[in-house]
Novice: 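Okay, here's the structure, questions in a sec.
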Amino acid sequence: MADFTTGDPRDPAGPVRAGSALSGEQALELFRRQLDSRLLDIAARWLREQDQGFYTIGSAGHEGNAAVAAALRPTDPALLHYRSGAFYLVRSALAGRLPEQGIRDVLLGLCAAADEPVSGGRHKVFGHPDLAVIPQTSTIASHLPRAVGVAFAIERASALDVASAWPADAIAVCSFGDASLNHASAQSGLNTAAYATYQGQPLPLLLVCEDNGIGISVRTPKGWVEAAARRPGIEYFSADGSDLIDAFEAASAAVAHVRTHRSPAFLHLSTVRLMGHAGSDVEAAYRTQREIRADLERDPLLHTARLLIESGLVTPEELLKAYESTRDHVLRMALETTRNRRLQSAEEIMRPLAPRRADTIAKISPLFAEPEVREKAFGGVLPESDKPMTLAQSINRTLTDALAVHPEMMVFGEDVAKKGGVYGVTRGLQKRFGPARVFDTLLDEQAILGLGLGSGVSHLLPVPEIQYLAYLHNALDQIRGEAATLSFFSQGAFTNPMVVRVAGYAYQKGFGGHFHNDNAIGALRDIPGLVIASPSRPDDAAAMLRTCLAAARTEGAVCVYLEPIALYHTRDLFDEGDGGWLAQYTPPSRWAETHVPIGRARSYGDGRDLTIVTFGNGLRMSLRAAVRLTQEGYSCRVLDLRWLSPLPVEDLLRAAELTGKVLIADETRRGGGVSEGIVAELVDAGFSGEIARVTSRDSFIPLGEAADHVLLSEEEIEAAARKLLS
C-alpha cells in the first residue's frame, strides 16, 4: 500500500496549505485512497483483458469525491454514483476498516465473485451494510427520489419517536452525473426536495453532481448544471473536483449547511472523465485530442500529488515509489480475486429475490392494539361489531387497525389526507392519526414511490397510494429498477418494505375513460420478486392487506395491492338489496384462522363439471354466471386467484384436475394479460383437460358506454362456459 516518509520537520497535523481546513495528514490519507481508486480502474481493464472481470466503468477523473466522503460521517446514508470509487474507499477507511478491505470489496465486484460483500457477485455496485452505503445500480439518477425519501425518513422517524436505520442527526447524500441530472427521475427528486423545503419540511439531503461535462459522447452545455440546480430552498455550492482543498472545503460547507439547517444543498463538483466512459469506449471517435489533453491536465491525482509536494510532505521520488508499490499490490490482489468462487446456480442467484417464508409469516400473529386503543381509534365503535362492510370500508378499517399498532407506519399519496382519497377509502385516517402519519403528497408518482422507498430502507413502514393504475406507469421504474432490485443486489442486507395501494381496473360505468379505467398489469407481473395482491371481496381485502403488511415488516417484501375501483362500494351480488358483496369485519386478533398466505386462491362451490378461474371484477361476474349455469343443472366452481404474483399454481392445478375443464375469465387484455400466465402454468404442469379463455380486448378503454365493447362481460363468460360444457 502507499506509504510516505519525509524528513520535513513540518507537522502533518497542521494545514496542508496556509488557511486551509484540510490537514496534511488528511491530504495524505485522501491521496492514498484516490490512488487506490485509480489503480482499481486499471485493474478492471486488466481483468477484462484476462476475461476475468466484467465491469470497466471506472472513477478516473472523479477521485475528488474522496473529499466529499471525508466531510461526512460514516453513519450518513449514501446512495452513490457509479464513479464513486474514491468515496467508497474513504468511507470504508473512516469506518475503521483496513484499506485492503475496501479494495478487496471492489475487486470482488469486478470479478462477480460470490463472496462480494453486498451483491454477492450479482452486479458491480458500491454498497455495504456496515458502511451505510445503499447499493445503487442506476446510471440515470433513478435513485434520487429514494434519496429524498431517506432524508425525509430521518426527520420523520424522529418526529414519530420510532427507531430508524440512521442516527437522528444524520444526513443523506446522493451523487450522480451531469448527464443524469436531465433525467425525469432526477428532476423529480430535485423538485420534491424544493417543494418540501418550500413548505418548511426538514429534509437533510446533500445532492452531489459530479460534472465531467459529457454523458458518454453527448456534451453537457456549459453552465447548464448550475442553472438546473438552483431551486428555491436548495442551497448551491460549487468546487473544482480536481482541487482537493477546494472540494473538501466546499463539501464541508455543504455538509455543515445540511446538518445544521436540516435542509437540502446541491454540491456541484467540476470533474473530468479520464479513460473514457468504459473500457470499450473509444473517445477519439467523438472528442478531439485537445479536449482529451485538457482533461489530462486536470487529473485530480496529479493535482493532489502536486499539493503534497509543494507542502513539503512528500518528494516526487517518494510518490513514484509509492505509486509503483501500490500498483503491484492492487494487481496482485486482483489476480488473487480471480480465484474466488462465482455464483453456481439459478437457485443461488435468485435466493434474495423473494424469501417469503409463508410458514413464518403465518406463525407471526399480527400485533393488535389494546381494546381501549382500538376503541379510541375507531371512535368508540369497534368495526367487528358494526354492520357488514363494503370493500372500501374494510380496507379503511384494516388501515386503521394497522396504524393503531404500528407507530412507524405511514399512509400517503395524492388526496389521501383531508379528502380521504378520491373514493373515500382513507377517510378519517388523518384525523385519527395526525398529519405526520397520514399526509398528502405532491402530484408526482415518482416522488410518492421514492418517499416510500427511502422510508422503507430507513426501517419505517410506508403504505403509499397511487391514485389510479394508469398513473403507476409514469413511475414504474421506481418499482422495477429501484424497489425490486434492492434486496437482490444486497442479498437482503438492505430491503425496502412497502405496500403500494393502487386503485385499478375498469367497470366504473363509463366514468373517466382510459386514465381512470386501466386494466394493464403486465408490466407489474414481470418484475421478479414483486408481490401483487388483488382482493375482490371485503373479507379478503382485510386478510390480504394484513398479509402484505406482515410480509413487508418481516421479510422486506415489496407488495402492490390492487383495489378494484368498481367494487369499492358494491353491496349486492345478485339482486338489489341482497347485500351479497358485503362482509363482516374480522379483527386482527383472529389472524390465525383468517390468514391468507401469499399465493393461495379461494374457491367457491364444489362443482365437478367446470372451473372458472378469475380475479378482480371477474369474480363477481363469474359467480353470477356460475349460479345461472348451476340452476340449469351444470356443476361449476369458481376459483378466485387473489394473488397475481406469485400465481397460486398449486390451487389452480387442484381445481383444474377436479373438473377437467377450465375457463379463464380475465378482465385484463388478451395480449400480455394474466390469462397467458395461467394457461402457461396449466400446460407446463401437464394438464390434459380443456382450456378456454375470455378476456378484454387489446385496446385502451374508451369513455362512456363504448367501454362495454372492449371489456370482458358477464355474458361472454357465460357463453364461453356453455361452449365448454357442451
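Atoms considered below: every heavy atom in the structure, side chains included; atoms not considered: hydrogens, waters and symmetry mates.
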Novice: With rounding to the nearest 0.5 Å, note down the distance linking NE2 in H257 to OG in S263.
Specialist: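 If we round to the nearest 0.5 Å, H257:NE2 and S263:OG are 3.0 Å apart.
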Novice: Ring-plane angle category for Y236 and F266, please: parallel below 30°, perpendicular beyond 60°, tilted otherwise.
Specialist: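 It falls in the parallel class, under 30°.
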Novice: Do L79 and L144 have side chains that get closer than 4.5 Å, going by heavy atoms?
Specialist: no
Novice: If you count every heavy atom of other residues, nucleotides or ligands that lies below 6.0 Å from R341 atom CZ, does the total exceed 12?
Specialist: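 Yes, because the 6.0 Å sphere around CZ of R341 holds more than 12 heavy atoms from other groups.
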Novice: Would you find a donor on one side and an acceptor on the other, under 3.5 Å apart, between the side chain of D211 and the backbone of D178?
Specialist: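 Side chain of D211 to backbone of D178: no pair is present.
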Novice: Please step through side-chain contact (heavy atoms from CB on, under 4.5 Å) for the pair E25 and L28, ending with a clear verdict.
Specialist: CA-CA 5 Å; E25 193 172 40; L28 284 166; 5.6 Å; no
Novice: For the atom pair CG (L94) and CG (L131), what is the distance rounded to the nearest 0.5 Å?
Specialist: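 Here the rounded value is 10.0 Å.
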Novice: If I take atom CD1 from residue I134 and atom CZ from residue F489, how far apart are they, to the nearest 0.5 angstrom?
Specialist: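 So the gap between those two atoms works out to 15.5 Å.
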Novice: Which one of V314, L244, L319, L307 satisfies the side-chain contact (heavy atoms from CB on, under 4.5 Å) criterion with F31?
Specialist: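 Between F31 and the candidates, side-chain contact (heavy atoms from CB on, under 4.5 Å) is satisfied uniquely by L319.
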Novice: Would you mind listing every ring pair (Phe, Tyr, Trp, His ring centres under 6.0 Å) that reaches into residues 88-116, with sequence neighbours excluded?
Specialist: Y88-F126
Novice: Test your reading of the model: is there a side-chain donor-acceptor pair from R45 to the backbone of M275, 3.5 Å cut-off?
Specialist: yes
Novice: Just wondering, do V125 and Y82 contact through their side chains at under 4.5 Å, heavy atoms?
Specialist: no
Novice: Take I57 and H277 through the test side-chain contact (heavy atoms from CB on, under 4.5 Å) and record every step on the way to the result.
Specialist: CA-CA 6 Å; I57 297 178; H277 173 71; 3.8 Å; yes
Novice: Does the side chain of I245 reach to within under 4.5 Å of the side chain of E249, using non-hydrogen atoms?
Specialist: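 Counting from C-beta outward, I245 and E249 do come under 4.5 Å.
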Novice: Should E317 and K321 count as an ion pair when the cut-off is N to O under 4.0 Å?
Specialist: no
Novice: Before you tell me yes or no, could you show the steps for K124 and E116 under salt bridge (Lys or Arg N to Asp or Glu O under 4.0 Å), namely the whole-Å CA-CA distance, both residues' side-chain angles and the distance that decides it to 0.1 Å?
Specialist: CA-CA 9 Å; K124 158 54 177 70; E116 189 270 335; over 6 Å; no
Novice: Salt bridge check: are E29 and R32 linked by an N-O gap of less than 4.0 Å?
Specialist: yes
Novice: Checking the side chain of R342 only, and the main-chain atoms of G121 only, is there a donor and an acceptor separated by less than 3.5 Å?
Specialist: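 Answer holds: no.
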Novice: When D169 is tested against each of R259, R262, R73 for salt bridge (charged side-chain N to carboxylate O under 4.0 Å, His left out), which residue passes?
Specialist: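 Running salt bridge (charged side-chain N to carboxylate O under 4.0 Å, His left out) over R259, R262, R73 with D169 returns exactly one hit, R73.
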Novice: Please determine which of L110, L335, I42, T56 meets the side-chain contact (heavy atoms from CB on, under 4.5 Å) test together with L47.
Specialist: L110
Novice: Mind listing the closest non-hydrogen atom pair of P74 and A132 along with its distance?
Specialist: O-CB, 3.8 Å
Novice: Should I154 and I171 count as side-chain neighbours, where that means a heavy-atom distance under 4.5 Å?
Specialist: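 Heavy-atom side-chain distance check fails, nothing below 4.5 Å.
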Novice: Is any side-chain heavy atom of V150 closer than 4.5 Å to a side-chain heavy atom of W166?
Specialist: yes
Novice: Over all heavy atoms of both residues, which pair between G64 and P300 is shortest? Give the atoms and the distance, please.
Specialist: N-CB, 4.4 Å
Novice: Distance from R480 atom CZ to D477 atom CG, nearest 0.5 Å?
Specialist: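 Those atoms lie 8.0 Å apart.
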Novice: Below 4.5 Å, heavy atoms only, C-beta onward: do P117 and R104 meet side chain to side chain?
Specialist: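 No, side chains not in contact.
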Novice: Evaluate the criterion salt bridge (Lys or Arg N to Asp or Glu O under 4.0 Å) for residue pair D105 and R97; output intermediate values, then yes/no.
Specialist: CA-CA 11 Å; D105 291 347; R97 303 171 83 220; 2.8 Å; yes
Novice: Let's go through R298 and D240 carefully: what are the C-alpha distance in whole Å and the side-chain angles of both, what is the deciding distance for side-chain contact (heavy atoms from CB on, under 4.5 Å) to 0.1 Å, and is it a yes or a no?
Specialist: CA-CA 10 Å; R298 290 189 58 213; D240 180 356; 2.9 Å; yes
Novice: State whether the side chain of E63 and the backbone N or O of A86 hold a donor-acceptor pair below 3.5 Å, judged by distance alone.
Specialist: no
Novice: Quick check, are the ring centers of F176 and H81 under 6.0 angstrom apart?
Specialist: no
Novice: With F494, which residues qualify under ring pair (Phe, Tyr, Trp, His ring centres under 6.0 Å), at least two apart?
Specialist: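 Testing F494 for ring pair (Phe, Tyr, Trp, His ring centres under 6.0 Å), a comparison that skips the adjacent residues, returns none.
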Novice: How far apart are the closest heavy atoms of T495 and L486, and which atoms are they?
Specialist: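 Here T495 and L486 meet closest at C-CD2, 3.9 Å.
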Novice: Could you grab the distance from atom CE of M333 to atom CG of L40, nearest 0.5 Å is fine?
Specialist: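 Rounded to the nearest 0.5 Å, the CE-CG separation comes to 8.0 Å.
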Novice: Which atom names give the shortest non-hydrogen contact between R91 and A69, and what distance separates them?
Specialist: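 Scanning both residues completely, I find the closest heavy atoms to be N-CB, 4.3 Å.
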Novice: Using modelled atom types only, decide if a donor and an acceptor are shared between the side chain of S458 and the backbone of L460 within a distance under 3.5 Å.
Specialist: no
Novice: Passes salt bridge (Lys or Arg N to Asp or Glu O under 4.0 Å), E291 versus R219? Steps please.
Specialist: CA-CA 12 Å; E291 290 172 330; R219 288 165 175 76; 2.8 Å; yes
Novice: For the residue pair H303 and E297, what are the closest heavy atoms and their distance?
Specialist: NE2-O, 3.4 Å
Novice: Heavy-atom distance under 4.5 Å between the side chains of E210 and N65, does that happen here?
Specialist: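 Side-chain contact under 4.5 Å: yes.
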Novice: Can you name the nearest heavy-atom pair linking A147 to A172, along with the distance?
Specialist: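 The pair with the smallest heavy-atom distance is O-CB, 4.2 Å.
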Novice: Rounded to the nearest 0.5 Å, how far apart are OG of S37 and CG of L89?
Specialist: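 It is 6.0 Å, given to the nearest 0.5 Å.
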Novice: Evaluate the side-chain proximity of L207 to L267: yes if any heavy-atom separation is below 4.5 Å, no if none is.
Specialist: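 The answer is no, as the side chains (C-beta and beyond) never meet within the 4.5 Å cut-off.
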Novice: Using a strict threshold of under 4.0 Å (side-chain N to carboxylate O), is an ion pair present between R33 and D36?
Specialist: yes
